[in-house]
Amino acid sequence: MEAEAADGPPGGLEAALSCFSFNQDCTSLAIGTKAGYKLFSLSSVEQLDQVHGSTEIPDVYIVERLFSSSLVVVVSHTKPRQMNVYHFKKGTEICNYSYSSNILSIRLNRQRLLVCLEEAIYIHNIKDMKLLKTILDIPANPTGLCALSINHSNSYVAYPGSLTTGEIVLYDGHSLKTVCTIAAHEGTLAAITFNASGSKLASASEKGTVIRVFSVPDGQKLYEFRRGMKRYVTISSLVFSMDSQFLCASSNTETVHIFKLEHLTNSRPEEPSTWTGYMGKMFMAASNYLPTQVSDMMNQDRAFATGRLNFSGQKNICALSTIQKLPRLLVASSDGHLYIYNLDPQDGGECVLIKTHSLLSSGTTEENKENDLRPSLPQSYAATVARPSTSSASTVPGYSEDGGALRGEVIPEHEFATGPVCLDDENEFPPIILCRGSQKGKAKQS
């Protein structure tokens, strides 16, 4: 859920928006600029709260935050082969790694961190940043297209398996073995994404007309949606809602499409006894005698809902999130704005734009308020990020969540991998000097 905005809006150093990404559960937005990077909380429609901002690293083109934690990964055009991992609330660098070529994308969950180069993918254990695997036998991937399941209990990885067709390689991030290959499209891939549980994988080709959803790990086709027929488009983002009921696709056009993943049945429900229903049955029957391409088109589902942008041709990313207890469509664009729409989960139709926020203005900063209300903390990383629990539920120390001290929330144990997921500066994490090395031939290769 990341996009690089090559052509930012005018307005000087700060205004040049270079990249943007939603975090894994779409509760936070990160942007990179010529001056540095910013992190925003998406808890309110009316107000966009800036959680953190940094100008220490200029010309940022990748910034990824781990859920709503204090861990953020940054890559700059000044050092495009180096990944920097920060604890932004402590203002410290946890570690950095250098690679053999430019970093194109980064994906992370609470157990794995992926670094994608054009001809290799590096898989790290996020607990201690140990390099577990280097996948080298991949076709050239100039856009860094890859996906990682945010569910750390499976940590599936998906990446293109061909230069000429839409083949997807499904890889197990735990066992570090290839699971299967999926012949998803005839043309080359443009977008791939997992749902929150890692049980479904959606894909789109460079034509951008058809979006398919496959089951994981067996790779069986579950759904097929048609985005359009009149023109080919460039799909810029593809994302499931957290409950996996909807799939959203944005492109270089002015329309964002939302598809509904209905429950699968062995047969289509009976149409009502109306003229429309009768004609629908006739068309379905006739499709059996038509060429395969035509019958496939007739059987593809159309968008359940749409969101209309006031522009086209801008790089953008979309997300489906629940804000203030209501479903929302979010679109972050390279024009420097975040657009928030209401989504009707029952009737669909056209989503209504209800708020536009500027991503390049100073905004409301939450850091000082959080720091004033947060109690004094010990110096060790594990103690810094752990919050005392007021609940009887079993919990473990983890990355501190924004607002956690205010709301008294803790991260449930089931959200973590086995053992505490914390990067302790003194004990669990390797000395910083050992983290600052080149990743050439240091890991098991496939």
With a 4.5 Å cut-off on side-chain heavy atoms, are [Y] and [X] touching?
X      : Y      : answer
His357 : Ile340 : yes
Asp25  : Phe67  : yes
Ile103 : Leu117 : yes
Gln314 : Val331 : no
Thr322 : Arg328 : no
Ile126 : Leu66  : yes
Tyr86  : Ile57  : yes
Glu119 : Leu136 : no

So does [Y] get a backbone contact from the side chain of [X], meaning a donor-acceptor N/O pair under 3.5 Å?
X      : Y      : answer
Gln24  : Leu108 : yes
Ser18  : Gly32  : yes
Arg81  : Tyr99  : no
Asn252 : Thr234 : yes

Which atom of [X] lies closest to which atom of [Y], heavy atoms considered:
X      : Y      : value
Cys180 : Pro217 : SG-O, 3.4 Å
Pro80  : Val75  : O-CG1, 3.9 Å
Asn316 : Ser251 : ND2-O, 3.0 Å
Gly198 : Ser149 : CA-OG, 3.5 Å
Met129 : Met83  : CE-CE, 3.7 Å
Arg112 : Gly173 : NE-O, 2.8 Å

Exercise for the section: State which residue, out of Phe259, Tyr223, Phe304, fulfils the ring-ring contact (aromatic ring centres under 6.0 Å, His included) condition with Phe246. Expected result: Phe304
Exercise for the section: Evaluate the ring planes of Tyr61 and His77, with Trp represented by its six-membered ring, and classify them as parallel (under 30°), tilted (30 to 60°) or perpendicular (over 60°). Expected result: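 Correct class here is parallel.
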What is the distance from atom [atom1] of [X] to atom [atom2] of [Y], rounded to the nearest 0.5 Å?
X      : Y      : atom1 : atom2 : value
Ile317 : Ser236 : CD1   : OG    : 8.5 Å
Cys116 : Ile135 : SG    : CD1   : 9.5 Å
Cys248 : Phe240 : SG    : CZ    : 11.5 Å
Tyr159 : Glu167 : OH    : CD    : 9.5 Å
Glu64  : Asn23  : CD    : CG    : 9.0 Å
Lys200 : Leu261 : NZ    : CG    : 6.5 Å

Practice task
Apply side-chain contact (heavy atoms from CB on, under 4.5 Å) to the pair Leu145 and Ser105, showing each step before the final yes or no.
Solution key: CA-CA 7 Å; Leu145 180 61; Ser105 64; over 6 Å; no
Practice task
Ignoring hydrogens and angles, state whether a donor on the side chain of Thr255 or Arg308 is under 3.5 Å from an acceptor on the partner side chain.
Solution key: yes
Problem - Donor-acceptor pair between Ser155 and Asn109 side chains, under 3.5 angstrom - result: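 A pair is found: one side chain offers a donor N or O, the other an acceptor, under 3.5 Å apart.
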Practice task
For the pair Ser333 and Asp335, evaluate side-chain hydrogen bond (donor to acceptor under 3.5 Å, both in side chains) and give the outcome as yes or no after the intermediate values.
Solution key: CA-CA 5 Å; Ser333 170; Asp335 70 352; 3.2 Å; yes
Exercise for the section: Please lay out, stage by stage, how Thr188 and Glu206 fare under the test side-chain hydrogen bond (donor to acceptor under 3.5 Å, both in side chains). Expected result: CA-CA 6 Å; Thr188 53; Glu206 288 188 343; 2.9 Å; yes
Practice task
Could you check Ile123, Leu148, Leu114, Val179 and say which one makes a side chain to side chain contact (heavy atoms under 4.5 Å, CB included) with Tyr171?
Solution key: Ile123
Problem - For Ile121, the option from Val169, Ile138, Leu104 that meets side chain to side chain contact (heavy atoms under 4.5 Å, CB included) - result: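 Single pass found, and it is Ile138.
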Practice task
Run the numbers on Asn342 and Asp344 for side-chain hydrogen bond (donor to acceptor under 3.5 Å, both in side chains), then give the verdict.
Solution key: CA-CA 7 Å; Asn342 271 341; Asp344 186 338; over 6 Å; no
Exercise for the section: List the steps, then state whether side-chain contact (heavy atoms from CB on, under 4.5 Å) holds for Leu29 with Leu330. Expected result: CA-CA 10 Å; Leu29 174 66; Leu330 311 177; over 6 Å; no
Handout entry: Partner set under salt bridge (charged side-chain N to carboxylate O under 4.0 Å, His left out) for Lys79, not counting sequence neighbours
Key =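 Once residues adjacent in sequence are excluded, Lys79 has no partner under the salt bridge (charged side-chain N to carboxylate O under 4.0 Å, His left out) criterion.
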Problem - Of Ser41, Ser43, Ser68, the residue whose pairing with Thr27 passes side-chain hydrogen bond (donor to acceptor under 3.5 Å, both in side chains) - result: Ser68
Exercise for the section: Could you give me the CA-CA distance, side-chain angles and deciding distance for Ser215 and Gln220, then say whether side-chain hydrogen bond (donor to acceptor under 3.5 Å, both in side chains) is met? Expected result: CA-CA 5 Å; Ser215 61; Gln220 297 298 310; over 6 Å; no
Exercise for the section: List the steps and the verdict of side-chain contact (heavy atoms from CB on, under 4.5 Å) for Ser321 and Phe22. Expected result: CA-CA 10 Å; Ser321 183; Phe22 292 104; over 6 Å; no
Problem - Worked verdict on Ile62 versus Val73 for side-chain contact (heavy atoms from CB on, under 4.5 Å) - result: CA-CA 8 Å; Ile62 294 176; Val73 183; 5.9 Å; no
Practice task
Not counting sequence neighbours, which residues clear side-chain contact (heavy atoms from CB on, under 4.5 Å) with Thr356? List them please.
Solution key: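 Residues passing side-chain contact (heavy atoms from CB on, under 4.5 Å) with Thr356: His337, Tyr339, Leu353.
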Practice task
Measure centre to centre between the rings of His124 and Tyr97, then say whether the value is under 6.0 Å.
Solution key: yes
